[in-house]
Amino acid sequence: MKFRIATPAVIAAAIALTATACGGGSGSTPSQPSGDGKSFEFWSFSGINQKASVDEYHKVNPGVQVKLTEVGGSTETAQALTTALAGGKVPDLVLIQGDDLPKFVQQPQNFYDLRQLGADKIKGDYLDWVMSQSTAKDGTIIGIPTDVGGMAVAYRTDLFKEAGLPTDREEVGKLWPTWDAFIETGKKYVAKTGKAFIDNAETSVFYQAVNQGPQKYYDPSGNVVYSTSPQVKTAFDLSLKAVQAGISAKQTSFTEGWSAGMGKGQFAVISAPSWLLGQIRRNAPDTKGKWDIATIPGGAGNWGGSYLAIPKGAKNAKAAWDYISKMQSPQGQLTHFVDSGSLPTTPSVYKDPKLTGKKDEFFSGAPIGKIYTDSLLGLKPFYIGPDSAAIGQEFLNAITSVEQGKGDPAKAWDTALANIKTAIGK
């Protein structure tokens with residue numbers, strides 16, 4: 001997941017992609033998937049190593065050609081898809097990040113109804129609340145979930161030891177049963193070392209705390225409540241408290257400085273949903289064995305998760321569906337977790353020894369299967385609406401502005417609300 005607003009260059013690239021993508025279908029129907037099953041074009045967002053899944057698929061399906069394009073960040077990929085749908089030329093398969101999915105679910109006619117390809121027979125394999133997010137009001141299923149983002153905290157054991165803090169993951173988790181205790185621990189770390197505790201407040205505090213309760217930016221009926229939700233306000237205030245406590249390295253997530261900071265020890269803690277572990281490995285390969293993983297304050301939550309969808313005009317829907325059905329089966333998701341750490345959405349594998357016994361040596365042998373499924377199973381799911389991504393971005397922007405010394409903390413909440421209203425019109 002990446003929180004980036006597309007630049008004109010990115011938009012131009014999206015338009016260029018639509019010009020070279022597979023053309024719109026001519027007369028194909030959802031019950032008769034198009035193509036010969038031998039090739040398909042796949043759009044993904046970057047930073048999650050989707051190529052590993054494609055390579056795995058190629059091993060058992062050597063006769064199928066998959067043209068994988070990493071469009072950009074998750075927001076950029078969604079914008080490219082919107083452009084492609086409007087232009088009538090679309091990829092055969094596209095990965096859509098969870099917060100971007102609702103706006104596409106509102107237009108199910110733009111996608112194959114995956115029930116007609118077999119989703120009606122396998123939908124019970126997935127967590128109900130995850131599957132419901134890709135199901136339109138008329139029952140159309142436009143996406144199959146690939147993963148969820150159970151939450152935890154990654155921390156540097158060597159830096160904790162230098163600060164006189166415990167390093168055992170169980171003891172570390174006890175340091176912060178609440179977010180207030182987490183911030184207090186950060187203050188002790190900074191006082192002892194003179195170095196920053198967390199990477200930034202917007203994603204390592206706000207975006208974790210706001211994803212832990214039963215109601216976020218929308219109520220269960222789909223009404224926007226971002227301005228009155230106690231959960232949102234509490235998370236926002238906690239992030240400002242972290243900024244004002246001076247515990248942040250002020251390194252915005254997914255930037256070059258943030259990536260470099262992991263390896264240089266510029267911060268000791270980063271809130272790490274399961275999908276982020278791969279980024280730590282890639283950005284800081286020389287820190288293997290110096291990280292560990294502890295329970296998130298509050299114990300449960302979910303940040304992220306994605307879906308595979310087939311646009312209605314896909315020329316090779318048959319091959320695209322074969323990829324979905326094989327790679328996102330319970331066993332397929334289990335294999336992907338073992339290989340890359342993407343947390344399955346298929347609860348039937350949550351007690352599988354391959355998952356429960358999975359330990360990650362990069363993170364000091366942390367039992368990531370147990371840590372992340374425990375986080376997920378304690379979650380009270382919330383409704384994600386069509387403007388969730390835009391709303392979240394404006395809250396992040398307001399916190400970042402304060403963190404960078406440009407915004408007034410006393411006015412940050414009102415600034416965020418005003419910008420959200422401008423962005424979504426309500």
Side-chain angles (χ1 to χ4, degrees), residues 149-201 203-209 211-212 235 238-239 241-242 245-249 261-281 284 286-303 341 343 350 355-379:
M151 299 194 305
V153 175
Y155 65 98
R156 286 279 296 267
T157 55
D158 56 335
L159 300 182
F160 268 44
K161 184 177 181 179
E162 291 176 9
L165 294 172
T167 59
D168 175 78
R169 67 181 67 96
E170 297 292 335
E171 294 302 313
V172 170
K174 292 177 182 178
L175 291 174
W176 49 61
T178 66
W179 282 106
D180 282 322
F182 179 82
I183 294 170
E184 288 302 312
T185 301
K187 290 166 66 174
K188 292 177 183 177
Y189 177 88
V190 173
K192 185 70 174 181
T193 67
K195 299 178 181 179
F197 181 61
I198 57 174
D199 54 342
N200 64 72
T203 54
S204 274
V205 179
F206 174 75
Y207 230 79
Q208 308 309 302
N211 281 304
Q212 290 185 299
L238 281 167
S239 66
K241 183 177 181 180
I247 67 172
S248 171
M262 291 181 191
K264 295 178 180 179
Q266 292 180 356
F267 44 86
V269 166
I270 179 171
S271 290
S274 53
W275 50 264
L276 195 135
L277 299 186
Q279 297 210 15
I280 297 176
R281 296 187 198 97
D286 294 337
T287 62
K288 180 179 179 180
K290 295 180 179 180
W291 293 89
D292 207 328
I293 301 173
T295 303
I296 196 91
N302 181 71
W303 173 20
L343 192 63
Y350 286 176
L355 186 143
T356 59
K358 174 65 175 177
K359 296 182 179 180
D360 196 317
E361 294 309 314
F362 190 97
F363 295 94
S364 303
I368 60 174
K370 185 177 187 306
I371 289 171
Y372 283 110
T373 52
D374 284 353
S375 169
L376 192 67
L377 293 174
L379 172 70

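Here the structure is a predicted model, which means the values were calculated and not measured.
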S.K.: Sequence neighbours left out, what passes salt bridge (Lys or Arg N to Asp or Glu O under 4.0 Å) with K161? Give chain and number order.
M.R.: none

S.K.: Using the six-membered ring wherever Trp is involved, compare the ring planes of F197 and Y189 and label them parallel, tilted or perpendicular (cut-offs 30° and 60°).
M.R.: tilted

S.K.: Enumerate donor-acceptor pairs with a distance under 3.5 Å from any side-chain N or O in residues 263-272 to protein atoms, sequence neighbours excluded.
M.R.:
from, atom 1, to, atom 2, distance (Å)
Q266, OE1, Q251, NE2, 3.4
S271, OG, S204, O, 2.8

S.K.: Tell me whether the rings of Y207 and W303 are parallel (<30°), tilted (30 to 60°) or perpendicular (>60°).
M.R.: tilted

S.K.: Within this structure, what is the CG-CG distance for the pair L343 and L355, rounded to the nearest 0.5 Å?
M.R.: 7.0 Å

S.K.: Identify, with sequence neighbours excluded, every residue that meets salt bridge (Lys or Arg N to Asp or Glu O under 4.0 Å) alongside K241.
M.R.: D180

S.K.: Quick one: closest heavy-atom pair of A235 and A209, and the distance?
M.R.: CB-CB, 3.7 Å

S.K.: Looking at residues at least two apart in the chain, or sitting in another chain, which of them share a side-chain contact (heavy atoms from CB on, under 4.5 Å) with K188?
M.R.: none

S.K.: With sequence neighbours left out, write down each residue that passes salt bridge (Lys or Arg N to Asp or Glu O under 4.0 Å) with E162, or none if nothing qualifies.
M.R.: none

S.K.: Only counting residues at least two apart or in another chain, list the ones meeting side-chain contact (heavy atoms from CB on, under 4.5 Å) with K174.
M.R.: E171

S.K.: So, using side-chain contact (heavy atoms from CB on, under 4.5 Å) as the criterion, who are the partners of A284 when residues are at least two apart?
M.R.: M262, T287

S.K.: Could you pull out all residues at least two apart from D168 that satisfy side-chain hydrogen bond (donor to acceptor under 3.5 Å, both in side chains)?
M.R.: none

S.K.: With sequence neighbours excluded, what pairs up with K359 under the salt bridge (Lys or Arg N to Asp or Glu O under 4.0 Å) test?
M.R.: none

S.K.: With sequence neighbours left out, write down each residue that passes side-chain hydrogen bond (donor to acceptor under 3.5 Å, both in side chains) with Q208, or none if nothing qualifies.
M.R.: none

S.K.: Run the side-chain hydrogen bond (donor to acceptor under 3.5 Å, both in side chains) test against K192 and tell me which residues pass, sequence neighbours left out.
M.R.: none

S.K.: Using the side-chain hydrogen bond (donor to acceptor under 3.5 Å, both in side chains) criterion, which residues pair with S248? Sequence neighbours excluded.
M.R.: E403

S.K.: Taking all non-hydrogen atoms of both residues into account, name the closest pair between A242 and I183 and its distance.
M.R.: N-CD1, 4.0 Å

